[in-house]
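Okay, handing you the structure first.
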Amino acid sequence: MSAEPAPNGSWEDLARSAASRREGAAPAEVMRQLLCVKVDGSPYAVPVENVREIVRVRPITPIPRTVPAVRGVISLRGEIIQVIDLRLRLALPPAAVAKANRIVVVQADDGRVAGVLVDEVREVLRVSESAIGSGAGDAQGIVAALCTNGTEFVSIVDPGRLLEVGGRD
């Protein structure tokens with residue numbers, strides 16, 4: 001059985017018709033994927049393209065004379081990774097490490113890598129680019145934007161700003 005064009009070149013007409021419908025359709029919405037985490041009961045998110053991996057909390061070796069937001073370092077398959085406490089980075093009160101805590105290994109666009117200690121990892125959100133609004137800003141300057149997830153607002157963290165923990169106390 002062979003597929004032969006219908007009389008009067010209707011395959012061509014059909015192809016033109018399909019192409020014109022595609023051209024008239026609205027452009028596809030650009031979707032972003034965000035890893036949603038919880039810190040102090042509030043949702044925060046990091047673009048998934050900046051997340052290298054998520055690991056369980058392991059012993060963190062403190063580093064003397066560093067900023068309080070830097071909890072220390074861990075060894076991850078032989079690589080030394082600095083661990084930043086997102087609670088402290090957001091100027092929230094510190095909390096004891098619990099079973100739900102995770103270290104999200106984040107890589108900034110400039111190649112810097114650090115682990116970020118969060119209270120829990122929730123989900124990966126798929127959000128349309130148009131649903132992301134500019135952030136109201138926070139005192140530390142790490143919240144870049146806001147989006148909604150159901151009835152709650154999610155603060156989207158700028159990975160580059162998050163990893164900027166310079167200076168000493």
(request) Using the rule that two of Ile, Leu, Val, Met, Phe, Trp, Tyr join whenever any of their side-chain heavy atoms come within less than 4.5 Å, decide whether Val67 and Leu92 are in one cluster. (result) yes
(request) Identify, with sequence neighbours excluded, every residue that meets side-chain hydrogen bond (donor to acceptor under 3.5 Å, both in side chains) alongside Asn149. (result) Glu123
(message) Give me the atom names and distance for the closest heavy-atom approach of Arg126 to Gln33.
(response) NH1-NE2, 3.4 Å
(request) Tell me, please, which residues at least two apart from Ser128 pass side-chain hydrogen bond (donor to acceptor under 3.5 Å, both in side chains). (result) Ser130
(message) To check you understand the geometry: which heavy-atom pair defines the closest contact between Gly160 and Ala108, and what is its length?
(response) CA-CB, 4.0 Å
(message) Return the CG to CD1 distance between Leu117 and Ile84, rounded to the nearest 0.5 Å.
(response) 10.5 Å
(request) Identify whether Val97 and Ile81 are in the same connected component of the hydrophobic contact network (ILVMFWY, side-chain heavy atoms under 4.5 Å). (result) yes
(request) Taking all non-hydrogen atoms of both residues into account, name the closest pair between Pro68 and Leu88 and its distance. (result) O-CD1, 3.2 Å
(message) As an exercise, state the distance from CD1 of Ile142 to CG of Leu90, rounded to the nearest 0.5 Å.
(response) 4.0 Å
(request) Determine whether Val105 and Ile74 fall in the same hydrophobic cluster, where Ile, Leu, Val, Met, Phe, Trp and Tyr are linked whenever their side-chain heavy atoms lie under 4.5 Å apart. (result) yes
(message) Grouping I, L, V, M, F, W and Y whenever their side-chain heavy atoms are under 4.5 Å apart, do Val121 and Val46 come out in a common cluster?
(response) yes
(request) Mind listing the closest non-hydrogen atom pair of Val127 and Ala131 along with its distance? (result) CG1-CB, 3.9 Å
(message) For the backbone of Glu164 and the side chain of Arg89, can you confirm whether one donor and one acceptor N or O come within less than 3.5 Å of each other?
(response) yes
(request) First locate atom CD1 of Ile132, then atom CG of Leu125, and finally report the distance between them rounded to the nearest 0.5 Å. (result) 9.5 Å
(request) Check the hydrophobic clustering (I, L, V, M, F, W, Y; side-chain heavy atoms under 4.5 Å; chains of links allowed) and say if Val106 and Val165 are grouped together. (result) yes
(message) Can you tell whether the side chains of Arg122 and Glu152 come within less than 4.0 Å, N to carboxylate O?
(response) yes
(message) Test of understanding: with side-chain hydrogen bond (donor to acceptor under 3.5 Å, both in side chains), list the residues that count as partners of Asp119, not counting sequence neighbours.
(response) Arg87
(request) Please list, chain by chain and in numerical order, all residues satisfying side chain to side chain contact (heavy atoms under 4.5 Å, CB included) with Val55, sequence neighbours excluded. (result) Glu53, Arg58, Leu76, Ile103
(request) Could you tell me which non-hydrogen atom of Gly78 sits nearest to which non-hydrogen atom of Ser75, and how far apart they are? (result) N-OG, 3.7 Å
(request) In sequence, state the C-alpha distance, the side-chain angles, and the governing distance for Leu162 and Leu86, and then conclude on side-chain contact (heavy atoms from CB on, under 4.5 Å). (result) CA-CA 8 Å; Leu162 172 63; Leu86 187 53; 3.6 Å; yes
(message) Restricting to side-chain hydrogen bond (donor to acceptor under 3.5 Å, both in side chains), what partner residues turn up for Glu79, sequence neighbours left out?
(response) Arg52
(message) Taking side-chain hydrogen bond (donor to acceptor under 3.5 Å, both in side chains) as the cut-off, I'd like each qualifying pair that reaches into residues 93-102, sequence neighbours left out, listed once.
(response) none
(request) For residues Ile60 and Arg71, report the shortest heavy-atom separation together with the two atoms involved. (result) CG2-O, 3.6 Å
(request) Any chance you could measure Cys147, atom SG, to Phe153, atom CZ, to the nearest 0.5 Å? (result) 9.5 Å
(request) Could you tell me whether a side-chain N or O of Arg32 sits under 3.5 Å from a main-chain N or O of Pro47, the two making a donor and an acceptor? (result) no
(message) Return the CG to CD distance between Leu163 and Gln107, rounded to the nearest 0.5 Å.
(response) 9.5 Å
